[in-house]
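First the structure, in the form of structure tokens, and then the observations on it.
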Amino acid sequence: MPELPEVEVVRRGVDRWAAHRTVEQVTVHDERSLRRYAEGPQAFRDQLTGGTLGAPLRRGKFLWIPLTSQHTPQPTALVIHLGMSGQVLMEHDDAPAEKHLKITLALGDRPRADAAEEGHAPPNQLRFVDQRIFGGMHLSPLIPDVVTRTSQRMIPQSATHIAPDPLEPAVTAEWIFTALRRRRTGIKRALLDQTVISGVGNIYADEALWRARMHYARRAETVTRAEAARLLSALQEVMAAALEAGGTSFDALYVNVNGASGYFDRSLQAYGQAGRECSRCAVAGRSAGVIQRAKFMGRSSYWCPVCQPRPRNGRW
């Protein structure tokens, strides 16, 4: 499932190719991708057509594009959730339709200053592709950010239940400390809770916990301020490294807007590394641990039993 780095890579691609362009036509190929939009496909088409897309924004795994339209007098955004297999692709209109194409936005010309880039015409379609149909699009009013109480920032009303993510200024070590101390659960389970902190999924939770030298079953309510600061630094470091690599792609389900895969999977230290020697232990020259795997919430957790010791009274 795409996590914060993958969605941020997509956001940057949409910002480059779709921002400030007019939506000339909307084609809904599969109405199931609009199930979160109660007003239905026709209203979706009517409100988007003729509108201008702004610069895309993101919180955690939610991506949204502010919309300026005569059909939406109040501030509104086009919200895109990738779910497990959603893709946002920027394509030319003569490119073959993808097998699981769900929604197509035909876009007008780019602003004149950006029209001639790299000597070829920019893609003129934004396509939403989704094999498993857990993601989708919808329109949502924009309201002041009630989560961080930042009135200057507007977020979709449909995303107000989402906590800020590790890359937002509002998320400090004290924020993480307070949020974790309120939970009576294991620390990884808390990290995966999008109402605690958003954008962290199974891959980056394991990687951050490895960097912070914390076991996934450590009781969240026992975390100290120093440990919270270490964990936040680990989250920010692994997210930055993943962004540099274009995200993590294990298969063709996650790609950038141009169809390219990320390659952070080559840098993973814990996730998916079961049976391999812990690289940190090996560098330290001590008896190296071997990365272990355990079933966790229907998925898996990976950790080093030497530098991430099993807690005596963990929450499993």
Side-chain angles (χ1 to χ4, degrees), residues 1-11 35-37 56-64 77 79-86 88 130 132-138 140 142-150 153-209 212 214 216-221 223 228 231-232 234-236 238-240 242-243 247-248 253-254 271 296-301 315:
M1 179 181 293
E3 301 179 31
L4 184 157
E6 289 76 46
V7 179
E8 173 62 17
V9 168
V10 171
R11 187 203 68 79
R35 65 186 180 281
R36 295 181 179 90
Y37 189 57
L57 299 166
R58 178 198 51 74
R59 165 165 283 170
K61 304 173 187 179
F62 273 78
L63 171 68
W64 67 90
V79 182
I80 306 171
H81 196 278
L82 300 181
M84 293 187 69
S85 60
V88 177
D130 192 4
R132 298 178 182 171
I133 323 180
F134 289 119
M137 286 182 166
H138 65 273
S140 176
L142 286 168
I143 63 174
D145 188 351
V146 296
V147 179
T148 60
R149 298 183 175 88
T150 305
R153 187 185 189 194
M154 304 288 279
I155 67 171
Q157 191 171 40
S158 59
T160 54
H161 62 292
I162 301 297
D165 64 56
L167 301 185
E168 293 188 45
V171 176
T172 62
E174 186 65 22
W175 176 290
I176 291 288
F177 172 73
T178 301
L180 291 177
R181 297 283 290 197
R182 290 173 178 166
R183 294 300 192 277
R184 297 296 182 266
T185 187
I187 193 167
K188 180 177 177 180
R189 194 178 291 265
L191 290 177
L192 297 181
D193 185 343
Q194 302 299 295
T195 65
V196 175
I197 186 167
S198 65
V200 183
N202 208 35
I203 297 173
Y204 299 113
D206 279 353
E207 290 298 298
L209 288 169
M214 302 174 73
Y216 71 90
R218 169 72 181 276
R219 289 173 176 253
E221 71 270 25
V223 170
L231 179 58
L232 177 58
L235 283 166
Q236 292 171 334
V238 75
M239 296 292 184
L243 277 170
T248 302
L253 290 184
Y254 164 67
Y271 184 87
F296 178 81
M297 294 176 63
R299 291 171 284 184
S300 299
S301 271
R315 291 190 182 274

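Predicted model, so just to flag it, every value in this text is computed and none were measured. Below, all heavy atoms of this structure are taken into account, side chains as well, without hydrogens, waters or symmetry copies.
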Should Thr195 and His161 be marked as a side-chain hydrogen bond (donor to acceptor under 3.5 Å, both in side chains) after you check the CA-CA gap, both sets of side-chain angles, and the distance that decides it? CA-CA 6 Å; Thr195 65; His161 62 292; over 6 Å; no
A side-chain contact here means heavy atoms from C-beta on lying under 4.5 Å apart; do [X] and [Y] qualify?
X	Y	value
His81	His138	no
Arg299	Leu192	yes
Ile187	Arg219	no

Do any N or O atoms from the side chain of [X] and from the backbone of [Y] form a donor-acceptor pair under 3.5 angstrom?
X	Y	result
Ser198	Ala163	yes
Arg189	Phe296	no
Ser140	Gln157	yes
Ser85	Asp130	no

Nearest-0.5 Å distance that lies between atom [atom1] in [X] and atom [atom2] in [Y]:
X	Y	atom1	atom2	value
Arg58	Arg11	CZ	CZ	7.0 Å
Gln236	Met239	CD	CE	9.5 Å
Ile197	Leu180	CD1	CG	8.0 Å
Ser301	Asp206	OG	CG	4.5 Å
Leu63	Leu57	CG	CG	8.5 Å
Ile80	Met137	CD1	CE	4.0 Å

Show the numbers, then the answer: is there a side-chain contact (heavy atoms from CB on, under 4.5 Å) between Ile203 and Glu3? CA-CA 8 Å; Ile203 297 173; Glu3 301 179 31; 3.4 Å; yes
Is a salt bridge present between Lys61 and Asp165, judged by a nitrogen-to-oxygen distance below 4.0 Å? no
So does Arg153 pair up with Glu168, basic N to acidic O under 4.0 Å? yes
Provide the closest heavy-atom pair for [X] versus [Y] in the form atom of the first, atom of the second, distance.
X	Y	value
Glu207	Val238	CB-CG2, 3.6 Å
Leu235	Ala208	CD2-CB, 3.5 Å
Ile155	Pro144	CG1-O, 4.5 Å
Ala77	Leu142	CB-CD2, 3.7 Å
Leu4	Pro166	CD1-CD, 3.9 Å
Trp64	Arg59	CZ3-N, 3.4 Å

Check against side-chain contact (heavy atoms from CB on, under 4.5 Å), Asp193 and Leu191: CA-CA 5 Å; Asp193 185 343; Leu191 290 177; over 6 Å; no
Could you walk me through whether Val79 and Tyr37 pass side-chain contact (heavy atoms from CB on, under 4.5 Å), step by step? CA-CA 10 Å; Val79 182; Tyr37 189 57; over 6 Å; no
Evaluate Ile176 against Val171 for side-chain contact (heavy atoms from CB on, under 4.5 Å), listing each step before the verdict. CA-CA 7 Å; Ile176 291 288; Val171 176; 4.1 Å; yes
Side chain to side chain donor-acceptor pair (under 3.5 Å) contacts touching residues 171-183 (sequence neighbours left out): Glu174-Arg225
